[in-house]
Amino acid sequence: MNCCRSLPDRNSGAAAVADSDGATDSVTQSDPVPAQGQQQPADTASSKQLLTEVLQELQKGDTAPNAFAMTMLCCDPESQQKAASQALLAAAFDAFPDKDYCLLTLPPDSPELPLLATFTRLVPPPGSLLVEVLYLCHRFAMLQEFQVQSATRAHTEGVQDLLTGVAGTSTTMATFAHGVEANSAYVVCCEGQVIGMATIQPFTDLSQLQHNFHIASVPGLTHDGAANKHVMLLTSFCFNPIFAHRAEQFLLDILKRCNGHLLLYLLPPEHASTEIAPRHRLQAAPATLQAEFALFAFWHEAPSRTPVNSHVVVAGASDCGLSVIESLLMHERLAFNALTLLAPGGLYNGQSAAIYKADSIARLGLHASVNVLDAELVSIDREQHSIVLSDNRTLQYGVLVLSMGLSCEAMVLNQSALGLPQVVSLPMLPGRIEKGVKATKSIIVHGSVLEACTAMAQLEAAGVNLQSMKYLQPSRQVEISLLEEAAGLMLPAAAQAAGVALQAPRQVSNLEVQLAEDKSKVVVTAAGSTGESIVEEADLLVLAAARVEVPGCIVKAAARNNLVCDGRLVVDGAFRTNDPKIFAAGTIARFSRRYGTGLCHSRFNSQEVGQKAAESIAATFSSPFLGDSEMPQLQNGRLITTALPGGGVFNYARAAGGQNSSLTEIQSLRRLVSQTQHGYCQLTLDSSGIIQSALLCTAKKEHELPPEMLLPLVGFSVSYLHELLHSYEAGSMPDIPTYLRQPWTSLLYHDRFPQLRSALLQNLASTGRSVQQLDGNSMRASDETEVTCVQNDVVDFLKQQGASEFPQYAVSAYVS
């Protein structure tokens, strides 16, 4: 490209938009104008650019590079005015009249200078060894002529040229044509050439967005449709990336022209976006309200965030790893520009996590902000701050977060038996079932009660008769959390109370497997609980019991890099290993013994662990020299759900605060039990009236209470459940699930209730009483001031959430 007055096309040189496989980066919509309540992603073109493509454009063949580099830049911090910076950049281009591009690199931890306002930050491809952040500026980026206009038919050819090379051009052009006729299309021109286009439409029905996103965090958005007449939906957007720094001004001018206050869009025009945090609701949205897209917003005086260009690599797309990514993306003060997630097998490979399912992952909008790689970590070079991936690529990191799961090793003496076609592990059982097991006449299931029930339920659902199964239980338990151990102990009695018949296990040890003489079966030998020899033949052996360990590659990497690994990667209260640039969270890690014993992260809520880890990571960029950290307060409970033979389900939730209680203490808690229509329910309370666990076991798949509804109960005082204890003691309660399905309980199950509770306690703490004195205690008539305070806070909360969220609560007015 030579230096001429004709502006560069958006698909040439630095303006090219492509993803890692060379495809143009664009998302299309199914209809030119999406219908209200059924929104689709807007047509957009972002300014993501691959470093390799830019460098190819800068130097073609044997010609000299069409760029110069700014190798030294010294600025007085008190005189870094934008005008002075632009004058300096203009002088630099004047010194190289035959060059179109200026390159500049900065260390990733350096603040972005005003000079960079007209530069585009380039995202290096995976495998790049470039440590510094590379910025690029085209000389035309400094042009001052910038005109926003209502689009007319005369702009059609210019918009067509702008969209050249963008996927879904025909759909976008149809949207643009409709917008021209409706007077809702806009273009921005520079020296007579179209460099950007957008179409909008009024948007007042927020029911779908309210159900899936925290829209209350956006100023000016209300739950009253009539009050949202100034809210607009951006239905298509395309901008020449050379002028990406002008995108914000373009959107501001659009808002002024349409007398709007707020723009919503489903994919972000880069440099002008605020992502709205998705909601993690306990119950799935109705089909008409489901949303599998990310939501972004732009408004006047939207808060700015400090850019963080340091490369943060999260290894493992577990619930904990995804929680780290989500928390960093949604950080209020910091904008993480270089996030990479290692997701072996894909971001969502069918093994649904407890929290992040396909729809909730879609609402994170990872494709817009995160480099997701289908690869796993193989080795770590602590000295070079780099990792090697399974596809032999090398990644540099500024911060590395290890959040992959544990590996499993079957509890069998001869591991070679795992290669036999008649032997299958629990994770591989669904694949074996797909090949056909209905005609299998004899099956042995070896595992602890939770895993064995899961295996037998899967086999029964595939048509296998329960009478053909034999259950062997290892006498030596594998390493499991107290939660799993407690659930396993409670399951048999709960199943019996619910009317679910479970097969009594035989306790065995030293399991060994050999191929039978006819090679059609396997012979299982083991030692019984009294030392007797047990020999069984089976057509299929399911090894449901497994030792869980840190993956071998991580063990080797820890040894080579002197990272402390004591059964798990050891971290401090800020989730740091002994290398301050390497963090670990999730089942792979545990807290240092100086905080106590047995503090494996598997005993805590994975999402909460990820959130706390992200807080610590963010803190390193605001206070890099953090000292020793206390162990974080982890309050959310965990839930175990296990399918039972016969079609039943066992659900057990445990409070985080009781994770380290002994089993004797657990069994000595006060129990509130009740038979239900289809099974059995139990709540356990400690001496302070705190609900330590909640159990629901049913003989049928019909959920008398969705399993997720048990989690909000644990860790709270029973007083939050109104008159439950009084009704239970008086014998006036039909059963616990029926009581918990009353309309008033919807507030307890709301995803923002924990924040309401925290705000109430904080406000009440001004009275001088401790949180322990306040939390869950019923207010007496003499506490008139406190009662009024609570009532006002609750009413404000209900108003903020909107009438559609709580139709069962009568509030005088839902608008201020």
Worksheet item: Considering all heavy atoms of both residues, which atom of H214 and which atom of P278 are nearest to each other, and what is their separation?
Response: CD2-O, 3.5 Å

Worksheet item: Are the side chains of L373 and L395 in touch, meaning some heavy atoms are under 4.5 Å apart?
Response: yes

Worksheet item: When you measure from the side chain of H331 to the backbone N and O of A614, does any donor-acceptor pair fall under 3.5 Å?
Response: no

Item to complete: Step by step, work out the side-chain contact (heavy atoms from CB on, under 4.5 Å) result for V313 and L377.
Response: CA-CA 10 Å; V313 179; L377 184 149; over 6 Å; no

Worksheet entry | I380 and I582: CA distance, side-chain angles, deciding distance, side-chain contact (heavy atoms from CB on, under 4.5 Å) verdict | CA-CA 10 Å; I380 302 172; I582 300 179; 4.3 Å; yes

Item to complete: First locate atom CH2 of W299, then atom CG of L264, and finally report the distance between them rounded to the nearest 0.5 Å.
Response: 9.5 Å

Item to complete: Without swapping roles, check the side chain of S323 against the backbone of Q611 for a donor-acceptor pair under 3.5 Å.
Response: yes

Worksheet item: Would you say the side-chain atoms of E608 pair up with the backbone N or O of N636, donor to acceptor, closer than 3.5 Å?
Response: yes

Response to the item:
Heavy-atom nearest pair, L328 first then F336, reads O-CD1, 3.4 Å

Worksheet item: Where do G316 and L341 come nearest, in terms of heavy atoms and distance?
Response: O-CD1, 3.7 Å

Worksheet item: At their closest point, which heavy atom of T577 faces which heavy atom of A584, and how far apart are they?
Response: CG2-CB, 4.2 Å

Worksheet entry | Over 12 foreign heavy atoms within 6.0 Å of CE, M142 | yes

Practice prompt. Under the ring-ring contact (aromatic ring centres under 6.0 Å, His included) rule, what do F250 and F239 come out as? Steps first, then yes or no, please.
Written response: CA-CA 10 Å; F250 182 32; F239 213 81; 5.7 Å; yes

Worksheet item: Is a side-chain N or O of Y101 found less than 3.5 angstrom from the main chain of L136, in a donor-acceptor match?
Response: no

Fill in: Minimum side-chain heavy-atom gap F119-C102 below 4.5 Å
yes

Worksheet item: So how far is it from R590 CZ to C565 SG, rounded to the nearest 0.5 Å?
Response: 9.0 Å

Fill in: Donor-acceptor under 3.5 Å (N605 side chain, R638 main chain)
no

Worksheet item: Are any side-chain N or O atoms of N561 and backbone N or O atoms of L563, one a donor and one an acceptor, separated by less than 3.5 Å?
Response: no

Worksheet item: Any sub-3.5 Å donor-acceptor pair from N578's side-chain atoms to V564's backbone N or O?
Response: yes

Discussion item. I need the E292 CD to N212 CG distance, nearest 0.5 Å.
Written reply: 9.5 Å

Fill in: Validation row: D579, L400 side chains within 4.5 angstrom (heavy atoms)
no

Fill in: Minimal non-hydrogen separation, E275 against S369, with atom names
OE1-OG, 4.4 Å

Worksheet item: At what distance, to the nearest 0.5 angstrom, does CE of M330 lie from CZ of R305?
Response: 8.5 Å

Worksheet entry | Flag side-chain contact, heavy atom, 4.5 Å: V133 against S110 | no

Worksheet item: Looking at side-chain heavy atoms only, is the closest gap between R603 and L634 below 4.5 Å?
Response: no

Worksheet entry | H601 vs F591 side-chain heavy atoms within contact, under 4.5 Å | yes

Item to complete: Begin with the C-alpha distance, continue with both residues' side-chain angles, and end with the deciding distance and a verdict on side-chain contact (heavy atoms from CB on, under 4.5 Å) for I195 and F140.
Response: CA-CA 11 Å; I195 63 171; F140 290 150; over 6 Å; no

Discussion item. Determine whether a donor-acceptor pair (N or O, by modelled atom type, separation under 3.5 Å) exists between the side chain of Q396 and the backbone of Q384.
Written reply: yes

Discussion item. Quick check: do I617 and F575 have side-chain heavy atoms less than 4.5 Å from each other?
Written reply: no

Practice prompt. Using modelled atom types only, decide if a donor and an acceptor are shared between the side chain of N337 and the backbone of P307 within a distance under 3.5 Å.
Written response: no

Worksheet item: What is the distance from atom CG of L599 to atom CZ of R568, rounded to the nearest 0.5 Å?
Response: 12.5 Å

Worksheet item: Can you tell me if H311 and T340 form a side-chain donor-acceptor pair at under 3.5 Å?
Response: yes

Discussion item. For a quick test of reading the model, state the closest non-hydrogen atom pair linking V571 to Y595 and the distance between them.
Written reply: O-CE1, 4.3 Å

Discussion item. Using a strict threshold of under 4.0 Å (side-chain N to carboxylate O), is an ion pair present between D391 and R393?
Written reply: yes

Worksheet entry | CA sep, side-chain torsions, deciding dist, call: H280, Q607, side-chain contact (heavy atoms from CB on, under 4.5 Å) | CA-CA 11 Å; H280 294 281; Q607 185 181 33; 3.3 Å; yes

Worksheet item: CZ of F583 to OG of S403: how many Å apart, nearest 0.5 Å?
Response: 13.0 Å

Fill in: Any side-chain heavy-atom pair of M70 and L89 under 4.5 Å
yes

Worksheet item: F68 vs F96 aromatic rings, parallel, tilted or perpendicular, using cut-offs 30° and 60°?
Response: parallel

Worksheet item: Would the number of heavy atoms belonging to other residues, nucleotides or ligands and lying under 6.0 Å from CZ of R333 be above 12?
Response: no

